[in-house]
Enquirer: 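After the structure tokens below, expect a handful of questions from me.
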Amino acid sequence: MESQEPQVKNSLLMPLMYTNRVALKTILESGDEETGLVGTTVVVGGWVKSSKEVKKEPLPPPQSPPPAAADASPAASHGTKDVTCVEILQSRIPFFRTIIRVLGGSASSPAVRQKLESLIPKPPPPSIFFLRINDGSCVSSLTVVIDSAIVPVSAGQILPTGTCILAQGVLGNPLAPGIQTIELTVEKILHVGTVEQDKYPLSRKRLPLDSLRDYPHIRPRTPTVASVARIRNALDFASHTFFQNRGFLHVQVPIMTTTDPEGFSEKFQVTTLLGETCKKESPIGVSDADGVNPETVKAAIQEKSSLVEQLKRSDSNREALAAAVQDLKKTNELAQQIETREKSKPVTAVKPDLVNFNADFFGRQIYLTVSGRLHLESYACALGHVYSFGPRFRADKTVSAKHVAEMWTVEAEMAFAQLEDAMKCAEDCFKFLCRWILDNCSEDMKFVSQRIDKTVVHRLEYMASSSYDRISYREAVEILRKVKDKAFESQLQWGVPLTDEHLSYLADDHYRRPVIIYDYPKAVKPFYVSLNDDGKTVAAFEMVVPKIGTVIIGSQNEERLDMLNARIKEFDLSKDQYEWYLDLRRHGTVKHSGLSLGFDLMVLLATGQTDVRDVIPFTRTHGKANN
């Protein structure tokens with residue numbers, strides 16, 4: 001079977017792999033070479049962003065063909081050009097008129113002639129459709145011109161916003177002057193994906209970002225979310241590039257773990273016991289309130305109340321009505337029992353030690369990981385420099401514009417490295433990512449600057465080229481205590497964590513550029529961080545960035561077995577869960593350091609957005625997970 005794909009002769013417009021479609025980016029961002037694309041036949045596809053229909057003047061009725069043409073063969077009369085339905089219909093009109101004259105008679109009765117004329121099929125008035133389509137490869141959209149006299153098309157089929165179209169045509173200069181210097185004249189429509197316009201959420205223009213969060217499966221079709229997705233992809237690639245080019249090996253760490261690296265974070269527990277419990281529940285009885293779901297009883301009351309009303313209206317079966325009333329009475333009594341039981345219950349949390357986790361899938365308690373750094377350490381202590389990239393989970397119900405339940409993190413560990421090395425790596429990585437976005441996402445950054453944040457490009461340029469201050473936690477506290485023109489909501493004292501408000505002041509107001517804060521009090525950092533000689537602080541740091549806050553955290557990890565044992569005891573952690581981690585200190589211990597970069601926060605910074613929910617493809621927040 002021969003391929004029906006058009007032969008793209010222009011080397012600038014090679015089709016995408018595994019399809020004959022040409023990405024719009026290669027057409028619209030070809031720069032000065034765009035004029036050289038005129039006359040090229042290509043296949044493009046995308047989703048309609050806007051449409052316009054222009055009515056053409058009706059074509060005059062064609063004259064009857066000369067006898068020679070009538071005797072010509074079909075191949076000769078049509079040549080090699082395809083004939084449209086409209087052309088065929090128009091060519092038959094003289095034939096229909098001849099029949100009318102014969103049937104109407106020589107007297108030509110006006111009434112009969114008018115009746116017969118009305119039966120002649122009239123071709124639809126020709127139109128030109130101007131569609132703006134986008135395939136997600138770039139910010140700009142391509143104008144697609146469809147002449148209904150050449151390519152039959154139903155207006156209701158193709159015009160609505162959101163319709164998908166795949167078409168073959170010829171690139172040419174625009175019919176009307178505008179921003180773009182090239183458009184596509186369609187020769188053949190290969191696919192049309194219709195849209196239910198009254199239900200399509202993007203039919204309205206410029207839907208607010210907070211409303212788009214309810215449609216995470218549709219919102220990538222908006223220009224803003226599409227630009228964010230492309231910038232996110234570039235940062236993803238840049239993160240791998242940075243570490244791969246510096247000799248790091250990529251290691252996949254588990255998403256489910258038995259240990260908690262932070263020691264004091266809220267965790268999601270993974271268990272199969274809930275399903276097993278549901279299976280073993282006894283059937284619900286109308287006289288026993290134990291184990292009955294209140295919502296189930298409410299639904300039963302509504303159903304039985306409806307049945308009673310129906311029986312009252314029918315007045316046909318008094319015995320059935322009496323039985324239904326009695327059943328409803330018992331169900332109401334059960335609801336009262338459940339309400340009394342719920343009110344008398346003390347408000348207490350379920351204690352894990354009351355659950356037999358030996359019967360669980362893994363035979364022990366297991367959680368979604370908060371951090372992969374502990375597992376990454378085991379590979380760093382064998383392979384040297386390693387990094388990981390994946391989702392991390394916190395069951396924190398706090399509503400925040402910069403934190404959700406599931407966030408992606410880039411983590412790195414380096415053997416034979418100390419705190420200073422980790423801080424240098426963090427600064428280099430951050431600057432590399434800023435520069436990468438500026439160099440590789442120019443069109444998207446131009447769009448972001450116009451639509452979201454006018455200062456974002458300048459801010460990234462400054463961060464990519466400036467030097468960063470490094471101050472100790474003690475110095476940060478002293479700076480904040482001297483502030484007279486601002487009252488902080490949280491009282492500041494040594495030994496407590498710096499709040500977002502404190503960090504924002506340091507980065508946005510005091511230094512006005514990224515700042516690295518190190519040597520934190522040991523009580524506010526995880527158990528595995530190396531204890532400093534003063535016995536009060538640990539070798540940990542945070543990189544704080546203007547407008548965002550903390551983007552990177554890191555530390556030198558404790559390599560001394562006795563110190564690590566003491567810290568585990570200090571945090572009241574189960575030593576049995578960390579025996580494998582202690583083995584790294586028993587067998588060939590080494591000084592090592594690492595860091596964690598909040599990838600979603602980096603995307604937030606690069607796109608100028610203010611809420612992390614608008615830069616994560618499918619957001620997971622407390623009480624909400626749409627799909």
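All values below were derived from every heavy atom in this structure, side-chain atoms included, with hydrogens, water molecules and symmetry-related copies excluded.
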Enquirer: Charged N to carboxylate O under 4.0 angstrom, Asp614 versus Arg213?
Expert: yes

Enquirer: Side-chain donor-acceptor pair under 3.5 Å between Asp519 and Ser472, yes or no?
Expert: no

Enquirer: With a sphere of 6.0 Å drawn around CG of Asp500, does it hold more than 12 non-hydrogen atoms of other residues, nucleotides or ligands?
Expert: no

Enquirer: Using 30° and 60° as the class boundaries, would you call the ring planes of His458 and Tyr462 parallel, tilted or perpendicular?
Expert: parallel

Enquirer: Are Arg435 and Glu461 within salt-bridge range, i.e. N to O under 4.0 Å?
Expert: yes

Enquirer: Is the shortest heavy-atom distance from the side chain of Asp214 to the side chain of Lys624 under 4.5 Å?
Expert: yes

Enquirer: Hey, is Asp509 close enough to Lys486 for a salt bridge, meaning N to O under 4.0 Å?
Expert: no

Enquirer: Ion pair present between Glu579 and Arg586, side-chain N to carboxylate O less than 4.0 angstrom?
Expert: yes

Enquirer: Taking C-beta and beyond as the side chain, do Pro15 and Arg21 meet within less than 4.5 Å on heavy atoms?
Expert: no

Enquirer: Is the ring pair Phe237/Trp436 parallel, tilted or perpendicular, if the boundaries are 30 and 60 degrees?
Expert: tilted

Enquirer: Report yes or no: is the cationic atom of Arg246 (NZ for Lys, CZ for Arg) closer than 6.0 Å to the six-membered ring centre of Phe432, at no more than 45° off its axis?
Expert: yes

Enquirer: Could you tell me whether His240 and Phe389 have their ring centroids closer than 6.0 angstrom?
Expert: yes

Enquirer: Where the side chain of Asp135 meets the backbone of Ala23, is there a donor-acceptor pair that is under 3.5 Å apart?
Expert: no

Enquirer: Are Ile479 and Ile471 side-chain neighbours, meaning at least one heavy-atom pair lies under 4.5 Å?
Expert: yes

Enquirer: Determine the minimum heavy-atom distance between Arg613 and Thr619, stating which atoms define it.
Expert: O-OG1, 3.2 Å

Enquirer: Would you call Asp421 and Lys424 a salt bridge, taking side-chain N to carboxylate O under 4.0 Å as the test?
Expert: no

Enquirer: Is Glu478 salt-bridged to Arg481, going by a charged N under 4.0 Å from an acidic O?
Expert: no

Enquirer: Take Thr398 and Ser400 through the test side chain to side chain donor-acceptor pair (under 3.5 Å) and record every step on the way to the result.
Expert: CA-CA 6 Å; Thr398 305; Ser400 171; over 6 Å; no

Enquirer: Measure from the side-chain N and O atoms of Gln556 to the backbone N and O of Leu419, and report whether any donor-acceptor pair falls under 3.5 Å.
Expert: yes

Enquirer: How about Arg373 and Glu377: do any of their side-chain heavy atoms sit closer than 4.5 Å?
Expert: no

Enquirer: Which class fits the ring pair Phe243 and Tyr387: parallel under 30°, tilted 30 to 60°, perpendicular over 60°?
Expert: parallel

Enquirer: I'd like to check Thr26 versus Met14 (side-chain heavy atoms, cut-off strictly below 4.5 Å). Are they in contact?
Expert: no

Enquirer: Begin with the C-alpha distance, continue with both residues' side-chain angles, and end with the deciding distance and a verdict on side chain to side chain contact (heavy atoms under 4.5 Å, CB included) for Leu202 and Tyr215.
Expert: CA-CA 10 Å; Leu202 303 184; Tyr215 307 98; over 6 Å; no

Enquirer: Would a 4.5 Å heavy-atom cut-off, applied to side chains only, mark Cys425 and Met414 as touching?
Expert: yes

Enquirer: Would you say Arg232 and Trp408 make side-chain contact, with heavy atoms under 4.5 Å?
Expert: yes

Enquirer: Please list, chain by chain and in numerical order, all residues satisfying salt bridge (charged side-chain N to carboxylate O under 4.0 Å, His left out) with Lys402, sequence neighbours excluded.
Expert: none

Enquirer: For the residue pair Leu273 and Asn356, what are the closest heavy atoms and their distance?
Expert: CD1-O, 3.7 Å

Enquirer: Under the salt bridge (charged side-chain N to carboxylate O under 4.0 Å, His left out) rule, collect the residues that match up with Lys536, sequence neighbours excluded.
Expert: none

Enquirer: Can Arg392 and Glu411 be counted as an ion pair, charged N to O under 4.0 angstrom?
Expert: yes

Enquirer: Could you tell me which non-hydrogen atom of Thr607 sits nearest to which non-hydrogen atom of Val448, and how far apart they are?
Expert: O-CG1, 2.9 Å

Enquirer: If we check ring pair (Phe, Tyr, Trp, His ring centres under 6.0 Å) with Tyr473, which of these qualifies: Phe541, Tyr520, Tyr518?
Expert: Tyr520

Enquirer: Do Met463 and Pro546 touch side chain to side chain, with heavy atoms closer than 4.5 Å?
Expert: yes

Enquirer: Who passes salt bridge (charged side-chain N to carboxylate O under 4.0 Å, His left out) against Glu542, sequence neighbours left out?
Expert: Lys525

